[in-house]
Each structure stands twice: as C-alpha cells, then as structure tokens.
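Notes follow the structure.
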Amino acid sequence: MSEKSKPDAMQQAYQIIRRFGDDSQHCLCLNTVNNYFFGTDVCGVIPYILSRRKAMSQGDPACRTEDTEKLLDEYLAFCRQNGYRPVFNSISADVADLLRIKGYRVLKYGEEAILDLESYSLSGGKKGALRRNTAKLNRAGVSLEEYCPEESRNISLECEIAGLEEQWYEGKRLRLTYSIGDLHFEEPYGRRYFITRDSEGQLQTVLSFLPYHRGRRYCVDVMYRRPDGLTGAMEHAIISAAMKMKEDGVEEVSLNIAPLAGIDVTKLETNWVERLMYAIYQNMDFGYDFKNLYRFKSKFGPTTWKMRYLVYDPKMPLLNLALSITNTKGVRNIRFYLRYARFFASLFLYPERFRKHRSGH
C-alpha cells in the first residue's frame with residue numbers, strides 16, 4: 001500500500017464508500033483526523049485513528065459483503081506488523097461475529113436509532129408531545145430550507161451558519177473532534193444540509209446528514225440550534241428534514257448511535273468493561289451526555305434500535321482500553337482525558353460505585 005496524501009486518501013476512501021458504503025458510520029470517518037487502510041487483494045477501506053498505539057476504527061469495513069473477512073484479515077495483519085492493537089468501535093453484529101471467531105472480545109457499545117421512512121409517522125400516544133410541538137412550530141411559521149453547496153456556494157449563508165455554530169459551542173466545556181462530525185461545505189461528500197428559520201427569518205437550527213447505502217439512506221451528523229431559540233426547534237427540524245427526504249425517495253434515516261445505551265449489568269456474566277461503560281453512561285456528562293442523548297433520540301419513537309458493538313483484544317488492559325476510547329472522543333483535549341482518567345481511577349478504587357444503578361437505561 002503506497003503512501004498517499006490525506007486529501008488523496010480521503011478521496012479514494014470516499015469513492016469506495018460510495019460504491020460499498022452500507023454502514024451509517026462510513027462517511028463520518030471522512031476527515032483529516034483519520035488514517036485510511038486500503039485493501040490489497042480486495043477493494044475496501046477501514047478508516048482508523050491512532051491513540052496510544054491503538055488503531056481505533058469506527059463502524060464496519062467498507063467493502064463488498066463477501067470481502068469483509070478478507071479485508072479484516074489484511075487489516076489485522078497490518079496492525080500486527082506495525083505493533084498496533086486494533087479496537088473496533090460501533091460495528092454491526094455481523095462484523096462482531098467474524099471478529100469473535102478470530103479471538104477478539106465483543107461487547108455491546110450502544111444502540112442506533114433508525115426511522116424506516118416508509119412506515120414511520122407521528123401517530124401514537126408515545127409521540128404525542130413530538131407531534132404537538134412539530135405542529136405548533138409549523139403554525140408559528142418555522143420553515144425548512146435545504147442548502148446544496150455542491151451546486152452553488154452561498155458564502156453569506158455559511159457565515160450565518162458559522163455564527164450559529166459559535167453560539168452553540170459558546171457554553172460547551174469542550175468540542176469533540178473524532179466521532180462528532182463537521183459541516184465540510186468545501187467537500188460535502190454527498191451530505192445533505194438543512195436549516196430552519198422562524199417567521200422573522202432568524203436562523204433556528206442547522207442539520208447535516210451523511211449518505212449511506214448508495215444515497216438511499218441518510219444518517220444525522222451535525223446538529224446546531226440557537227441556544228435561546230424556540231422550544232422544540234431541533235425536533236421539528238429533524239422531522240421536517242426526514243419527511244422532505246422521504247418525498248425524495250430516501251428509505252431510511254438514522255438518528256445515529258446512542259453510545260453506551262442498553263448495556264445490561266444485571267446479568268451474572270457481566271464483565272468489568274461492561275460495568276465500566278455502564279458507569280460512564282450513568283454518571284458522566286462531561287463533553288458527551290450519554291444518558292440525555294439516548295433520551296433525545298427516544299423522543300422520536302424509532303422504528304428500530306440497531307445494536308452496535310465494541311470489539312478489542314482480550315489481552316488489552318482495561319484501563320488502557322478505556323482511556324484510548326475516551327481519548328478519541330476528544331482528540332488532544334487534555335481536560336477531557338484527565339476528567340475521565342480520574343473517573344476511571346475512582347471506580348477502580350471504589351468498585352461499589354458499579355453497583356449504584358441496576359436498570360438498563
């Protein structure tokens with residue numbers, strides 16, 4: 001595999017993902033943070049980021065289904081040759097099963113909220129609040145617009161969006177860079193962008209969606225809203241964008257993954273890694289509010305919740321694994337790293353904290 005510049009590697013990866021990308025996480029990995037492993041004997045790519053000699057990948061390998069195992073074997077050999085320990089984050093059950101057979105440990109990582117647009121509607125008692133808020137904002141004159149920078153750039157609008165982004169992050173303690181996307185107007189890679197405005201023309205929300213399954217499905221990525229904006233504006237924006245895409249023939253919208261959601265610690269066979277991940281879900285909200293993210297996605301009454309898995313070498317020390325995962329969530333952010341390092345240390349010193357909560361969500 002010859003060395004490539006980052007832009008060239010990203011472009012090659014995008015072309016492969018356009019052909020074979022059936023995973024909602026594929027386009028999320030098209031950024032300057034990632035490295036890219038390209039298959040030699042098969043056409044495929046596995047994006048990864050290095051963290052403390054761990055090769056952290058996100059989502060399934062991008063290749064033909066029948067080539068998945070071969071691409072995995074090539075990638076695992078590449079990791080051995082370079083002294084990397086692979087960690088596979090947010091992968092599907094099928095890929096997790098292949099790696100389990102190869103001796104890797106498989107843990108549930110979270111759940112992905114899926115809206116099947118053919119059958120999805122706002123009817124039903126559980127979606128009553130969502131239905132009422134959406135109707136209320138429609139009556140108030142909140143409207144959806146799609147922005148298509150691949151057809152024509154609107155620098156004035158992009159500056160307006162940048163202003164809203166700055167407001168959105170102003171009160172945040174840090175900004176994540178690995179598993180949270182960016183807008184990439186200069187190189188959209190097939191993204192669809194939507195904004196909503198109130199009746200006075202004030203920008204309320206910004207959304208971007210990543211394509212997968214050859215553009216017939218989309219996954220929500222970036223979500224910004226005006227901090228002092230209308231109540232329910234983001235829910236209204238997501239529903240409005242999903243219905244617009246349904247009109248365009250889109251089959252499915254993913255609300256992306258709720259990390260660490262649904263881990264069952266009541267099982268007798270629950271191990272320390274699962275207990276650690278569950279403790280993070282229940283107790284930590286620094287940089288990434290896992291519990292509230294799950295609650296937000298649940299509001300939409302997803303058609304299905306798709307299980308996602310974490311796979312790693314069982315010889316890897318637990319604390320090393322945990323710090324590597326959190327370090328990729330906030331790349332090069334020392335505050336994020338130290339905050340979680342202290343939390344992990346306290347849990348090892350006081351293991352009774354693992355037994356604080358017993359229910360799934």
Side-chain angles (χ1 to χ4, degrees), residues 22-25 28 59 90 92-93 108-140 142-144 146 179-181 192-196 204-213 216-225 229-264 278 281-282 285 288-309 357 359-361:
D22 284 337
D23 191 333
S24 62
Q25 302 299 290
L28 183 64
S90 304
S92 67
K108 183 176 178 181
Y109 175 72
E111 301 180 357
E112 181 179 10
I114 303 292
L115 307 184
D116 180 345
L117 296 185
E118 183 177 356
S119 60
Y120 184 78
S121 75
L122 292 180
S123 62
K126 292 184 178 180
K127 299 174 191 169
L130 180 64
R131 183 171 61 249
R132 288 189 295 273
N133 284 337
T134 300
K136 179 180 177 181
L137 290 182
N138 282 335
R139 290 194 299 271
V142 177
S143 59
L144 180 81
E146 183 167 6
S179 58
I180 304 297
R192 294 186 69 169
Y193 303 93
F194 296 93
I195 65 171
T196 59
Q204 291 289 316
T205 66
V206 176
L207 291 170
S208 74
F209 290 82
L210 300 166
Y212 62 106
H213 202 72
R216 295 198 293 271
R217 300 174 183 176
Y218 282 83
C219 177
V220 69
D221 181 22
V222 171
M223 299 188 293
Y224 300 142
R225 63 174 176 82
L230 299 170
T231 301
M234 184 55 72
E235 291 88 336
H236 170 270
I238 290 173
I239 290 296
S240 299
M243 293 302 102
K244 172 63 172 67
M245 287 190 281
K246 179 179 180 178
E247 293 174 3
D248 298 338
V250 174
E251 303 168 348
E252 174 181 295
V253 165
S254 167
L255 301 183
N256 221 315
I257 297 170
L260 312 189
I263 297 174
D264 185 0
Y278 184 71
Y281 176 83
Q282 290 289 352
D285 62 359
Y288 208 106
D289 194 335
F290 299 99
K291 191 182 295 187
N292 279 335
L293 183 61
Y294 172 79
R295 289 172 178 164
F296 176 78
K297 296 177 191 297
S298 297
K299 289 181 183 181
F300 294 88
T303 312
T304 58
W305 287 93
K306 180 180 179 181
M307 301 301 103
R308 290 285 183 160
Y309 297 89
H357 303 279
S359 60
H361 289 137

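Both backbone and side-chain heavy atoms feed into the values below; hydrogens, waters and symmetry mates do not.
Rounding to the nearest 0.5 angstrom, the gap separating the CG atom in Asp221 from the OG atom in Ser24 is 10.5 Å. In this structure, Ser298 OG and Leu293 CG are separated by 9.5 Å, a value rounded to the nearest 0.5 Å. With rounding to the nearest 0.5 Å, the separation of CE in Met243 from CG in Leu144 is 11.5 Å. To the nearest 0.5 Å, atoms CG (Leu122) and CZ (Phe300) are separated by 9.5 Å. Between the NZ atom of Lys246 and the CG atom of Asp116 there is a distance of 9.0 Å, given to the nearest 0.5 Å. We find the CE-OG1 distance between Met307 and Thr304 to be 8.5 Å, quoted to the nearest 0.5 Å.
Scanning both residues, Leu207 and Ala241, for their nearest heavy atoms gives CD1-CB, 4.3 Å. Shown here for Tyr109 and Ser90, the closest heavy-atom pair between the two residues is CE2-OG, 3.3 Å. The two residues Tyr212 and Cys219 have their closest heavy-atom pair at CE2-N, 3.7 Å. What you find for Trp305 and Ala258 is that their closest heavy atoms are CZ3-CB, 4.4 Å.
With sequence neighbours excluded, the residues that form a ring-ring contact (aromatic ring centres under 6.0 Å, His included) with Phe209 are Phe194.
Considering Glu112, Gln25, Lys297 in turn, Gln25 is the only one that fulfils the side chain to side chain donor-acceptor pair (under 3.5 Å) rule with Asn256. The only member of Arg217, Arg216, His213 that meets side chain to side chain donor-acceptor pair (under 3.5 Å) when paired with Asp22 is His213.
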Start with the C-alpha distance between Thr231 and Asn133, add both sets of side-chain angles, then the distance that settles side chain to side chain contact (heavy atoms under 4.5 Å, CB included), and finish with yes or no.
-> CA-CA 8 Å; Thr231 301; Asn133 284 337; 5.5 Å; no

Leu115/Leu255 under side chain to side chain contact (heavy atoms under 4.5 Å, CB included): CA gap, chis, key distance, verdict | CA-CA 8 Å; Leu115 307 184; Leu255 301 183; 4.2 Å; yes

Worked check of side chain to side chain contact (heavy atoms under 4.5 Å, CB included) between Glu252 and Tyr120 | CA-CA 9 Å; Glu252 174 181 295; Tyr120 184 78; over 6 Å; no

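No donor-acceptor pair under 3.5 Å is formed between the side chain of Arg192 and the backbone N or O of Pro211.
Look at Asp23 and Arg308 and you find a salt bridge, because one of the NZ, NE, NH1 or NH2 atoms lies within 4.0 Å of a carboxylate O, short of that distance.
Side chains of Tyr294 and Glu111: a donor-acceptor N/O pair is absent below 3.5 angstrom, by distance only.
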Under 3.5 Å, which donor-acceptor pairs do the side chains of residues 232-240 form with other protein atoms, sequence neighbours left out?
{"unit_1": "Glu235", "atom_1": "OE2", "unit_2": "Lys299", "atom_2": "NZ", "d": "2.7"}
{"unit_1": "His236", "atom_1": "NE2", "unit_2": "Asn138", "atom_2": "OD1", "d": "2.8"}
{"unit_1": "Ser240", "atom_1": "OG", "unit_2": "His236", "atom_2": "O", "d": "2.8"}

